[in-house]
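Quick note on labels: first sequence line is chain A, next is B, and so on, each numbered from 1.
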There are 2 protein chains.
Amino acid sequence: MPDRLWKVGELAARTGLTVRTLHHYDAIGLLSPSGRTGSAHASGHRLYIAADVTRLHQIVCLKQLGFSLEQVKEYMTRADYDPRAVVRLHLEKVRRQAAELAELGDRLEALANTLDAADAVSPDTFLETIEVMTMIEKYYTPEQLEQLKQRKEQVGDARIKEVEAEWPRLMAEVRTAMDAGTDPADPKVQDLARRWVGLVNEFTGGDPGIFKSLSSMYANEDNVRGMDVPAMRTMMEYVQKAMSAAGITFAGQ
Amino acid sequence: MPDRLWKVGELAARTGLTVRTLHHYDAIGLLSPSGRTGSAHASGHRLYIAADVTRLHQIVCLKQLGFSLEQVKEYMTRADYDPRAVVRLHLEKVRRQAAELAELGDRLEALANTLDAADAVSPDTFLETIEVMTMIEKYYTPEQLEQLKQRKEQVGDARIKEVEAEWPRLMAEVRTAMDAGTDPADPKVQDLARRWVGLVNEFTGGDPGIFKSLSSMYANEDNVRGMDVPAMRTMMEYVQKAMSAAGITFAGQ
DNA sequence: GGTACACCCTGACGTAACGTGAGGTTCAAG
DNA sequence: CTTGAACCTCACGTTACGTCAGGGTGTACC
């Protein structure tokens, strides 16, 4: 039956496409039926011949390979392309997209694991976790993250909670000393500086790379886990004076 | 500077978004600035406060995880979701998409290799190759394809070309016999049937699975590599009568 | 106080590949 | 000649903005 005629509905049923899709292909000039009922009356029913069916099949194939309708059209009208080059190029694009999606998947999985490890997950902690993770990924290399993860396991949750509680206390004391106009060289301030350096060293583990990433993060972000970083930068200048006076430095800088 | 105000341009520069994007977020109610210049005059410049900046940051993070703006909005307004479940669900979706893209990549690579192996690649042979590959993927399992590939290497290109040239000749002869009204039991027709069976056996290698897939393909498709399959089905009935008369069967059926 | 100029504003249309009606017409059977 | 199914042509909706067009605003300088 090579000279049989097909109506849209039949063709749609056969190919798994919808009637609307065939209408669309007609509208954009990708596949117009070779005939219509009622001759030139316009608005007659579409009649597709065998050649149209073949063309449609090719269109579907190219679509399944991920080409856009525009590309398919270009490709089928102007046949002056090098098929190999086209396929190779398209392949590269698909590979890139696949890699990106896979990486996104990895990040989501890491997030999911982090959330599972947390005690309670309110929407707020959720948003905070995401923010922290995103920021962290921006400043630390994957190797550094692995390193931090191992250190975290060594140190243990208890100590981490202690440190997290210690920071606000320390910052409050530094602020008090600054507001009081205390000389950074004052032994009390030098003590504060020693505690500050101690906490930072505990985090970096003396690794210069991690110290650099950390510095970079606090230099560029204004908000890290809800902390007022600009204020911290001001304190840092003060603390650094005290460090000079006490003759101490960060580990591994 | 927690109480500093930001204008769209500044915020855009800081976040890497565009001004238009911020306008868009405002328009869809995802992030509206807390203030405007010129009070209630309408059409004053947008003024974002620190809280707005934080919210924007969270929006950006969620977007980078692949959530749609609609989802982000839902998530940030109604906070009665289980973050873990949401992330796991989203993760699965992303993984599925990544797998699909990876598979598409594999198919494209197979296509590219096939094209590289071909002598000349005109757009027509290209389209034909795609059609054949797509159809083949539909009927044969990956294992069967591997099997066919190995057999193809064993047999060699020369024999494949011979067979491809032989089919049209054979079909023409069968048609002639049919049109002449020759009895299928006629020895001449039995010979034709033997040749037919021989060619099919050579392709299937006597594998029942491949025979089944092949049959399925020719039973469901009306066009395989430009061949008039409906006509072949008619011939097949005739050939089968001759096969019965000759007492032969397909290998491994 | 005026003026330049950068920056801001609000529409409004375009994108890809159709989905989804609305409202009217045509075909094939009875 | 009448159904009912299948068909027809608009035309708007979808996503996340890009890209003008045409006109206001803020601020620095004279």
Side-chain angles (χ1 to χ4, degrees), chain A residues 4-48 52 56 59-76 90 93-94 97 104, chain B residues 4-48 52 56 59-76 90 93-94 97 104:
Chain A
R4 117 147 238 214
L5 296 174
W6 307 81
K7 304 222 275 184
V8 267
E10 299 170 317
L11 209 45
R14 232 181 76 103
T15 55
L17 302 175
T18 68
V19 171
R20 177 66 180 104
T21 298
L22 292 170
H23 282 181
H24 183 57
Y25 291 176
D26 188 3
I28 65 175
L30 179 57
L31 176 69
S32 296
S34 295
R36 292 257 190 172
T37 63
S39 327
H41 280 67
S43 89
H45 293 191
R46 290 173 177 78
L47 294 176
Y48 296 86
D52 298 334
L56 176 58
I59 290 170
V60 170
C61 291
L62 285 169
K63 251 195 57 193
Q64 285 181 344
L65 289 178
F67 290 98
S68 71
L69 294 187
E70 190 61 31
Q71 290 172 312
V72 171
K73 194 176 159 187
E74 274 287 300
Y75 206 87
M76 301 194 68
H90 188 55
K93 214 179 77 186
V94 168
Q97 286 181 21
L104 177 56
Chain B
R4 122 145 233 218
L5 297 174
W6 308 81
K7 302 222 269 184
V8 267
E10 299 170 318
L11 209 47
R14 232 181 74 103
T15 55
L17 302 175
T18 67
V19 171
R20 176 67 179 101
T21 298
L22 292 170
H23 282 181
H24 183 57
Y25 291 175
D26 189 3
I28 65 174
L30 178 57
L31 175 70
S32 296
S34 294
R36 290 260 188 168
T37 62
S39 326
H41 281 67
S43 89
H45 293 190
R46 290 173 177 78
L47 295 176
Y48 296 85
D52 299 334
L56 177 57
I59 290 170
V60 170
C61 291
L62 285 170
K63 249 195 55 191
Q64 285 182 342
L65 289 179
F67 289 99
S68 72
L69 293 188
E70 190 60 32
Q71 289 174 312
V72 171
K73 194 174 160 188
E74 274 287 301
Y75 206 88
M76 300 195 70
H90 188 55
K93 213 178 76 186
V94 168
Q97 286 180 18
L104 177 56

Should Gln64(A) and Val60(A) be marked as a side-chain contact (heavy atoms from CB on, under 4.5 Å) after you check the CA-CA gap, both sets of side-chain angles, and the distance that decides it?
-> CA-CA 6 Å; Gln64(A) 285 181 344; Val60(A) 170; 4.1 Å; yes
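- Atom pair Leu47(B):CG and dG26(D):C1' shows a separation of 11 Å (rounding to whole Å applied).
- The shortest heavy-atom contact between Leu47(A) and Arg36(A) is CD1-C, 3.9 Å.
- Of all heavy-atom pairs spanning Gly66(A) and Leu104(B), the tightest one is CA-CD2, 4.3 Å.
- The side chain of His23(B) contributes no N or O atom lying less than 4.0 Å from OP1 or OP2 of dC17(D).
- Here the P atom of nucleotide dC7(C) and the CZ atom of Arg36(B) are 19 Å apart, to the nearest Å.
- Atom CG of Leu30(A) sits about 9.5 Å away from atom NZ of Lys63(A), to the nearest 0.5 Å.
- Summarising the geometry, the separation between CG on Asp26(B) and P on dC9(C) is reported as 9 Å, rounded to the nearest angstrom.
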Write down the protein N/O and nucleotide N/O pairs, taken from nucleotides 28-30 of chain C, whose separation is under 3.5 Å; answer none if there are no such pairs.
none

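- Nucleotide dC7(C) holds its P atom 16 Å from the CH2 atom of Trp6(B), rounded to whole Å.
- A heavy-atom distance below 4.5 Å is not found between the side chains of Asp52(B) and Trp6(B).
- The shortest distance between the side-chain N/O atoms of His45(B) and the OP1/OP2 oxygens of dG26(D) is not below 4.0 Å.
- Atom CD of Gln64(B) is separated from atom P of dA16(D) by 15 Å (rounded to the nearest Å).
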Walk me through it: do Leu22(B) and Tyr48(B) pass the test side-chain contact (heavy atoms from CB on, under 4.5 Å)?
-> CA-CA 11 Å; Leu22(B) 292 170; Tyr48(B) 296 85; 3.9 Å; yes
Apply side-chain contact (heavy atoms from CB on, under 4.5 Å) to the pair His23(A) and Arg20(A), showing each step before the final yes or no.
-> CA-CA 5 Å; His23(A) 282 181; Arg20(A) 177 66 180 104; 4.0 Å; yes
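- Pro33(B) and Asp26(B) make their closest contact through CD-OD2, 3.7 Å (heavy atoms, listed as atom of the first residue, atom of the second, distance).
- The separation between Leu30(B) atom CG and dC17(D) atom C1' is 13 Å, rounded to whole Å.
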Can you pull every protein N or O that's under 3.5 Å from an N or O on nucleotides 17-21 of chain C?
residue	atom	partner	partner atom	Å
dA17(C)	OP1	Leu69(A)	N	3.1
dC18(C)	OP2	Tyr25(A)	OH	3.1
dC18(C)	OP2	Lys63(A)	NZ	3.3
dG19(C)	OP2	Thr18(A)	OG1	3.0
dG19(C)	N7	Arg20(A)	NE	3.2
dG19(C)	O6	Arg20(A)	NH2	3.1
dT20(C)	O4	Arg20(A)	NE	3.0

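- For the pair Leu62(B) CG and dA16(D) P, the computed distance is 13 Å after rounding to whole Å.
- Counting all heavy atoms, side chain and backbone alike, Arg46(A) lies closest to Val8(A) at CD-CG1, 3.9 Å.
- For Arg46(B) and dT25(D), the shortest distance from a side-chain N or O to OP1 or OP2 is not below 4.0 Å.
- When the P atom of dC7(D) is taken as reference, atom CG of Leu11(A) falls 10 Å away, rounded to whole Å.
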